Amino acid sequence: MDLNVNDYDFKKIEKKWQTFWEKNSIFKAEDFSKKKKFYCLVEFPYPSGDGLHVGHPRSYTALDIVARKRRMQGENVLFPMGFDSFGLPAENYAIKTGVHPSIITKKNMEKFVAQLKSLGFSFDWDRAFSTTDPEYYRWTQWIFLKFYEKGLAYKAKMPINWCLSCKTGLANEEIVDGCCERCGGDVEKREIEQWMLKITAYAEKLIEGLNGIDFLEKIKTQQINWIGRSEGAELDFEIDGMNEKIRVYTTRPDTLFGATYMVLSPEHRLVPKITAENNRNAVEEYCRKSLKISDLERTDLKKEKNGVFIGAYAINPVNGEKIPVWIADYVLTSYGSGAIMAVPSHDKRDFEFAEKFGLPIRCINCPDKASADAAGVSIEDILSGKTCWPGEGRLINSSNACGLDINGLSIADAKSKTIEWIEKNEIGKAKVNYKLRDWVFSRQRYWGEPIPMIKCPKCGWTPVPESDLPVLLPDVEKYQPAGNGESPLAAISEWVNAPCPKCGEPARRETDTMPNWAGSSWYFLRYVDPKNNKRFADMEKLKYWMPVDWYNGGMEHTTLHLLYSRFWNIFLHDCGLVPVSEPYAKRTSHGMLLGEGGEKMSKSRGNVINPDDVVNAYGADVFRVYEMFIGPFDQAASWDAKGIAGTDRFIRRIWKMITESEISDAVTTREQARILHSTLKKVSHDIESLDLNTAISQMMIFVNEFSGEGKIPRAAAEDFLKVLSPFAPHTAEELWSRLGNESPISLQPWPEYDEALTKADEVEILVQINGKPKLRFTAPAGSSKDALLKNALDNPEIKKSVEGKELLKTICVPDRLVNLVIK
RNA sequence: GCCCGGGUGGCGGAAUGGCAGACGCAACGGACUUAAAAUUCGUCGGGGAAACCUGUGCGGGUUCGACUCCCGCCCCGGGCACCA
């Protein structure tokens, strides 16, 4: 070690205090304590073979700071950690090496625990568990059975995304750019029997629930957009000369008079039925072709519209008009009813299609001149169908002989009047639609929770009785998926063959496992009571601890984990099994930690920072403070090796300030008191808003003030160490004990600040003339406006500037400035 | 295309509508040292000798006063994407 470096031996200090905290259970959360409870949660990691990523501690340190502060403020804090250990990487590793996933997972978890402990997080380790523990997944399976019991888990033959290389089904969410999220391989559509969870039944509650909770606005918006609620109408168009109807969903029932043709998706069930003989060849060929095109290509907006006329006509229910029926792949089978009424005059896609195929375009909604001008289109073009107008306007050409007249109305009024009319005439009804789809809950994989169902030839799907849970994963020889759509479990005949729980006849177990999102959908409930073997968690403990008061995690989980886990909790609440509907009272998000130069850290780029190396070189406290100082918490930040040296300097200056100064009993000077109390105030507030970078800046200002004097008042030193302790807990504990304190700093009360002392006695007042800074003078804080104004106007230099000019206006901001407006 | 963010020195970034650039990094200069490192003191948006001028992506506006509010653009990051 360098000779000149002071005796800041972080390795020794960190080890010492980590051992002390653990031995004395300093961070134990107490069930049913009289203190105010605070449940503070970070997303538990997948224990990958690469070990902890520097991104993990960004979130963990921030909430560790909050947890430590709240503890010092006298709250009973639950800050738990665990592992989300099912998943593909362990299984792929097993396929490659033949090592059982549980072995590699266990090894990885041990490494993670050691790494997390080395960073000094104040987790209550007694509550740790892994989603792969049979005692945990027993209850994951149990909850699945609840979904089944309530009719929310069902099996359906579904076109699913099939990863050709992983040989398994993927959820829509696991596909990135048309490829498998995990392996990047090609994905195609296949029809397979899948277990589904009916999350769509909770679409409304998932939107409504957002009202009462404190989530970042962008998180709420993203979830709302993902659920994609739209209001409109569902109505039937009869097919001319046939006893068939086409059902359509529209958000613009007001445009019914402008419907000039219809479009079915190529997969629509009516297509083979209603296609005219003359058109059959072309239609069949079009359908064949569109099935081959991947979803990605099909939904490419830039692709030119195409389609074919099927030789049938529908009757527009509002005006009896015969309109042609086409098929086109721009209509999706998976949304609405898979069929649309096309209104080319007021829908861009329909317009594009109609133009290409020469279909009629009839304007029925005209904007006022101002809106048309603003959009850069002419009213003549809109009226003559030369252009499309999707915006607001007044209805025209929209009345019939059967009592519907919406001419002159706005879109909103026309909508409600039309819906009223179609409901009265039993043509259709108001309808709410969602983009959200049900959740494909089956994986044809080994390393996941077995789905606890048995298929009996006589009784059909039968749930495994509660008393037989957990359905344990059996040992297998080969982890490779069968490749025929079955999981490797299907090959274990002694496991697969089981008697039917209902009739006792030979039956077969479900061989699909759950997706890796299953275990993380309820883990926050288990932390409350992790060792319970009678129930997933004791109701009284749930009542005490739930909801989670503060949950921090990545934005990438907004529409997956965060939505799924809300769904599970709301469902369990509806079943009367958990006390609160919304699991998380508050959700914040951290920005990504990028490599040097702003690129994503990855092995291939060679820019991965290993937290162990940083802890070895600088210590956990420097690492923690650096990650918090790197930039605004919610924004992406790039790692900077030089920046960490500055944080190292800061911690060492603190060390020096305490160990090399005379600790005096003197009181602080007025200016020192101002800086001390400003620091106590700013750090207290900034922790709650996660403005941790500015909290650290303020502590640096404190150190700049109190260093180099050779002495420091004890009270100031102690209060400073207290607010430092959540950030740099080891250093703070050590210095605190060196000041002669016996009880650990982690258990000290959080220091209070005096608002009056945060302000200076004297302030500098700026004098402006016409908004331009002219000069400054000092005045006692809190001086009256009149006094300040007088002071400014009495100044000879100002007098000179104002002389001979007309003083139009004076603005006086107490403690800040005087502005003189002259002419 | 739509929905969120964001754009401030060489860099990371600060600023309830009130002195733009806090705090840190880098750089430069001085002290200490035989020397270097470490430490420490100082300088540090641009132009100008100076008074002063200018400056927060671009163009307008509101205001005594705008990084901050409003209108119209441009660029970057993230999410969704033919959702009827």
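Just so it is clear, the structure is predicted and the values come from calculations on it, not from any experiment. A note on names: the letters A, B, ... follow the listed sequences, proteins ahead of strands, and every chain is numbered from 1.
- The backbone N or O of A/Arg58 sits nowhere less than 3.5 Å from a side-chain atom of A/Thr61 that would complete a donor-acceptor pair.
- In this model, no side-chain donor or acceptor of A/Lys348 finds a partner on the base of B/rC82 within 3.5 Å.
- Residue A/Asp347 is out of contact with every strand shown, counting any heavy-atom pair closer than 4.0 Å.
- Within the nucleic acid shown, A/Phe629 comes within 4.0 Å of at least one base atom, counting heavy atoms only.
- Remark: B/rG9 base-pairs with no nucleotide; criterion is Watson-Crick or G-U wobble with both hydrogen-bond distances under 3.5 Å.
- Across all strands, A/Gln768 comes closer than 4.0 Å to base atoms (heavy-atom distances).
- Rounded to an integer number of Å, the gap from NZ of A/Lys642 to P of B/rG12 is 12 Å.
- Using a 4.0 Å heavy-atom criterion, one finds that A/Ile701 contacts the sugar-phosphate atoms exclusively.
- The shortest distance between the side-chain N/O atoms of A/Asn433 and the OP1/OP2 oxygens of B/rA84 is not below 4.0 Å.
- Residue contacts shown for A/Asn704 are limited to sugar-phosphate atoms, with no base heavy atom under 4.0 Å away.
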Q: Kindly indicate, with the supporting measurements, whether the criterion ring-ring contact (aromatic ring centres under 6.0 Å, His included) is fulfilled by A/Tyr261 and A/Phe353.
A: CA-CA 10 Å; A/Tyr261 66 100; A/Phe353 191 83; 5.6 Å; yes
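- Remark: A/Arg649 is in phosphate contact with B/rA26, judged by side-chain N or O atoms under 4.0 Å from OP1 or OP2.
- Residue-level contact check: A/Lys435 touches the bases, meaning some heavy atom is under 4.0 Å from a base atom.
- B/rC4 atom P lies 20 Å from atom CZ of A/Arg587, rounded to whole Å.
- Among the protein residues, A/Glu764 comes within range of the nucleic acid bases, having at least one heavy atom under 4.0 Å from a base atom.
- In this entry the base of B/rG9 is syn relative to its sugar, with a glycosidic angle within 90° of 0.
- In this structure, A/His557 atom NE2 and B/rG78 atom P are separated by 17 Å, rounded to whole Å.
- Geometric assessment of A/Lys305 against the ring of A/Tyr330 yields a positive cation-pi assignment under the 6.0 Å and 45° thresholds.
- To the nearest angstrom, P of B/rG65 lies 13 Å from CG of A/Leu817.
- A distance-only check finds no donor-acceptor pair linking the side chain of A/Asp347 to the backbone of A/Pro390 [under 3.5 Å].
- Among the heavy atoms of the strands lying under 4.0 Å from A/Val821 are primed sugar atoms or P, OP1, OP2 only; no base atom is included.
- Using a 4.0 Å heavy-atom distance criterion, A/Gly646 is classed as a sugar-phosphate-only contact.
- A/Arg247 places no side-chain N or O within 3.5 Å of a backbone atom of A/Lys245 that could act as its donor or acceptor partner.
- Comparing A/Arg816 and A/Ser230 against RNA chain B, the residue whose closest nucleotide sits nearer the 5' end is A/Arg816.
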